[in-house]
Participant: 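Next up is a structure, given as structure tokens.
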Amino acid sequence: TADVLGWAGLAGLLLAVAGAQEQQQLLLLQSPRAPRNSVSAAAKEAAEFDRTYAGTVSRVAEQLYSFNYTTKPGQVDAVRVNVRSDSENLQYPVLFVVRQQKGVLSWQVPLVFRGLYQSSYKYTEVSRTLCPSEESGPSEQILFIDVASMAPYNAHYVLQVTRIKNFQLKMGAAFNFTASPSQPQYFLYKFPPDVDSVMVRVVSETVYPCSVVSIQDIVCPVYDLDHNVEFNGVYQSMTKQAAITVQKKDFPSKQFFIVFVIKPEDYACGGSMPASVQGKMALAGKSRVLLLGHSLSVSIVGFGTVAASHPITASTPEGSSYGAIDESSSSGGQQLSSLEHRPPCGSETDSSVEEESDFDTMPEIESDKNVIRTKMFLYLSDLSRKDRRIVSKKYKIYFWNIITIAVFYALPVVQLVITYQTVVNVTGNQDICYYNFLCAHPLGVLSAFNNILSNVGHLLLGFLFLLIVLRRDILHRRSLETKDIYVTEYGIPKHFGLFYAMGIALMMEGVLSACYHVCPNYSNFQFDTSFMYMIAGLCMLKLYQTRHPDINASAYSAYASFAVVICLAVLGVVFGKNALWFWIFFSVIHIVASLGLSTQIYYMGRFKIEVDTDFDLGIFRRAIMVLYTDCIQQCSRPMYMDRMILLVVGNLVNWSFAIFGLVYRPKDFASYMLGIFICNLLLYLAFYVIMKLRNAERLLPIPLFCIVATAVVWAAALYFFFQNLSSWEETPAESREKNRPCILLEFFDDHDVWHFLSAAALFFSFLVRLSFIFY
């Protein structure tokens, strides 16, 4: 019994000791962790600002610094931490952890940035600005900085903490600073009570390196590194300068951070130079702006044959005018009996419905056309033989068709640019659109309202031109109703459909130019030029129709040609940069179309493109035979010398454009196409005026005034057009190097002045064509 009791007591004692040890271990697990060694326990140090601390850390030795300071009421204090380490081993970096009252910030040295093509960049010196705190009253602040490393050896470091004296920027005062990829900078700006918006302008003393300027709300943490600066606010890339307009209404706290980050590479900005920069920043303030207060694949297989009768050659009477009606000289081209007894304009049968095909399906009419249009000397009466009502209906189709085209073209454009603007506003990426940021005045969701507003001139002057044409049209109808002999028997036939189409095109140019300037970039520049092609084409058609009312192109063929041009413009935007095949394809089409159109003009529409159903080699033999007999065997003075000179010069100009495009392949294909149209229009206008003077027609005062005004306004407009303020052919950062301040009312820039002047120049150009008919 005694043995049993003895063993039981020993067992109880052992159990008591084991329980005490287990309870002690449980208390150790629940208590704060004790220092692992005496070195770490002794590494805590009360530190001071502006003092340099140097030391070593390893896996068995850490260092802790504490900074105490007091913030004053209404004052924003920012602290900047500068660290440096000679350790370049990425396996054992030196780690820095900064603990504040409301956040933690950490980084390592060497600091590594990843670039393109798997490249990496190491920085052994890092500086970061801590997120500042603003207190309503005096407050004691404490800051801890832990320095550690998992290196098995002693890693050296240098630490310095400073308080930023000029953290809050003032409006109108320039402030200099230095930054690098591992040493970003940001500053604070507060809106004064009487300022609604400011422009933040950053200027670099050197063109490179590539940088990012960001405007961020007062939120911690601040995104001030290359890989996260695009996460918050609005931002721009820059090389030499950047400008961001900031509105007070977008910031509830009436203040914001200006963050400046250097990229480790310059590819994003178009360069590759080393990353170091000296920067200069300035704020330019402005009060609220009150706008009302300020403010064809063609195959030529044969020529049309002339009727069996020889062309009538009539000598031009002395003193006759080019295109004037001379009944005595057109006896050889009298109209057929079906047209001789048609009722005069304004008679009771004038309202009868007749179609143009009624006159063109008769074989006698075809023969009559061949006889008349191939005379050596033509008069307007020879080219105006169809009923006036039929021709007027033909040209009214231009007006109704262009309205339909405008609606179906403009609606998707508006939807697309609204999407562009929404993406810019949501992402904050101001590299999407190429504005002149030094003169970009936002309004609502629009980033550059001034560039949109300046297109109002196209709308107003286009509407004014429509009113002028409408008045002329009404007066002309009244004259027809009263059977005015000067209207019914003399002068050039007056048709207004093309004029109405020109007015609508001018207004639509303003609408589409405004849409383009919502977010100007490479992809949507074609919106700005589409109706320019149509304006130039309609002007050429109107000039040709003035002297050739019966044989001008129909609205359907004309707009189909414009559609082909716009398709080529889209292909040029997509493939025009690098694809040689596209330029070969376009040059061939350009030359073939020029030859085909020249043939139609030279033979006054009596040239036919016939398709052989068998399509054998006989087609080509006939074409070669015609060229041999007309150009080689009977090589003599051309029958129509004036037309031949115009067409030869025109073809030389167009072939030059085709060769230039094929050799140089310009990046801006839309402007290249527009240049082709404008040169052809100016060439034909000059030919028209020269032929009027050559045939003893006088330029009356009103047309002469319009011509002079057009030349003067176009010269002024082109001056401002070539003041390049941005360029989507370059990177967004390089484009901003061209940005310039406003020049008109502190609201409009050079390009806005171009909008105003080009609208006026187009208006006067239209008046030139209108005055040629009425004066």
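All values derive from a computational prediction rather than experimental measurement.
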Participant: State which residues pass side-chain contact (heavy atoms from CB on, under 4.5 Å) with Val648; sequence neighbours excluded, sorted by chain then number.
Facilitator: Met644, Leu652
Participant: Give, for atom CD1 of Ile743 and atom CD of Gln723, the distance between the pair rounded to the nearest 0.5 Å.
Facilitator: 8.0 Å
Participant: Which atom names give the shortest non-hydrogen contact between Thr529 and Ala670, and what distance separates them?
Facilitator: OG1-CB, 3.8 Å
Participant: Checking Ser513 against Asp528: is there a side-chain donor and acceptor pair closer than 3.5 Å?
Facilitator: yes
Participant: Mind checking the CG-NE2 spacing from Leu446 to His441? Nearest 0.5 Å is all I need.
Facilitator: 13.5 Å
Participant: Does any non-hydrogen side-chain atom of Tyr434 lie less than 4.5 Å from one of Lys738?
Facilitator: no
Participant: Taking atom CD of Glu509 and atom NE2 of His755, what is their separation to the nearest 0.5 Å?
Facilitator: 8.0 Å
Participant: Is any side-chain heavy atom of Tyr500 closer than 4.5 Å to one of Asp473?
Facilitator: yes
Participant: Side chains of Ser523 and Trp728 only: does a donor on one sit below 3.5 Å from an acceptor on the other?
Facilitator: no
Participant: Should Asn425 and Gln421 count as side-chain neighbours, where that means a heavy-atom distance under 4.5 Å?
Facilitator: yes
Participant: How about Phe499 and Phe399: are their ring centroids closer than 6.0 Å?
Facilitator: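 No, the ring of Phe499 stays outside the 6.0 Å limit from the ring of Phe399, centre to centre.
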Participant: Supply the atom-to-atom distance Phe531 CZ to Ile566 CD1, rounded to the nearest 0.5 angstrom.
Facilitator: 7.5 Å
Participant: Please report whether the ring centroid of Tyr533 lies less than 6.0 Å from that of Phe677.
Facilitator: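 Yes, the ring centres sit under 6.0 Å apart.
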Participant: Judged by modelled atom types alone, do Ser530 and Tyr409 share a side-chain donor-acceptor pair under 3.5 Å?
Facilitator: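 Yes, side-chain donor-acceptor contact under 3.5 Å.
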Participant: Taking everything shown except Tyr522 itself, do over 12 heavy atoms lie less than 6.0 Å from its OH?
Facilitator: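 Yes, the 6.0 Å shell around OH holds more than 12 heavy atoms from other groups.
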Participant: Crowded around Phe463 CZ? As in, over 12 foreign heavy atoms under 6.0 Å?
Facilitator: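 12 or below, so no.
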Participant: Could you go through Cys742 and Asp752, starting from their C-alpha distance and side-chain angles, then the distance that decides it, and tell me whether this counts as side-chain contact (heavy atoms from CB on, under 4.5 Å)?
Facilitator: CA-CA 9 Å; Cys742 305; Asp752 294 322; over 6 Å; no
Participant: Could you tell me whether His751 and Phe720 have their ring centroids closer than 6.0 angstrom?
Facilitator: no
Participant: Counting C-beta onward and ignoring hydrogens, is there a side-chain heavy-atom pair between Trp754 and Tyr719 closer than 4.5 Å?
Facilitator: no
Participant: Where do Tyr398 and Leu538 land on the side-chain contact (heavy atoms from CB on, under 4.5 Å) test, with the steps shown first?
Facilitator: CA-CA 9 Å; Tyr398 277 95; Leu538 289 172; 3.9 Å; yes
Participant: Flag the pair Ile244 / Phe437 as yes when at least one side-chain heavy-atom distance between them is below 4.5 Å, and no otherwise.
Facilitator: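 Sidechains of Phe437 and Ile244: no contact.
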Participant: Got Asn739 and Ser726 here, is their nearest side-chain heavy-atom distance under 4.5 Å?
Facilitator: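 Yes, close enough: below the 4.5 Å cut-off.
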Participant: What distance separates Asp196 CG from Lys248 NZ, expressed to the nearest 0.5 Å?
Facilitator: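 So the CG of Asp196 and the NZ of Lys248 are separated by 5.5 Å.
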Participant: Measure across Val768 and Ser771 and return the closest heavy-atom pair with its distance rounded to 0.1 Å.
Facilitator: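 Scanning both residues, the minimum pair turns out to be O-OG, 2.8 Å.
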Participant: For Asp431 and Arg736: C-alpha separation, side-chain torsions, deciding distance, then whether side-chain contact (heavy atoms from CB on, under 4.5 Å) applies.
Facilitator: CA-CA 10 Å; Asp431 285 354; Arg736 290 190 188 93; 2.6 Å; yes
Participant: Can you spot which of Ile405, Thr404, Leu411 makes a side chain to side chain contact (heavy atoms under 4.5 Å, CB included) with Phe408?
Facilitator: Thr404
Participant: For a quick test of reading the model, state the closest non-hydrogen atom pair linking Leu459 to Met507 and the distance between them.
Facilitator: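 It is CD2-O, 3.2 Å.
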Participant: What pair of heavy atoms forms the shortest contact from Cys679 to Val653, and how long is it?
Facilitator: CB-CG1, 4.5 Å
Participant: Where is the tightest heavy-atom contact between Ala410 and Met508, given as atom of each residue plus distance?
Facilitator: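 Nearest heavy atoms, Ala410 then Met508: CB-CE, 3.7 Å.
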Participant: Where do Val234 and Val424 land on the side-chain contact (heavy atoms from CB on, under 4.5 Å) test, with the steps shown first?
Facilitator: CA-CA 9 Å; Val234 299; Val424 172; over 6 Å; no
Participant: Kindly indicate whether the side chain of Leu460, heavy atoms from C-beta on, has any atom under 4.5 Å from the side chain of Val456.
Facilitator: yes
Participant: Roughly how far apart are Ile676 CD1 and Ser671 OG, rounded to 0.5 Å?
Facilitator: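 Going from the CD1 atom of Ile676 to the OG atom of Ser671 covers 11.5 Å.
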Participant: With a 6.0 Å cut-off on ring centres, are Phe496 and Tyr395 close enough?
Facilitator: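 So the answer is no for these two rings.
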Participant: Got Asn450 and Cys439 here, is their nearest side-chain heavy-atom distance under 4.5 Å?
Facilitator: yes
Participant: Indicate whether any N or O donor in one side chain lies under 3.5 Å from an N or O acceptor in the other, for Asn401 and Tyr556.
Facilitator: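 Absent: no donor and acceptor within the cut-off.
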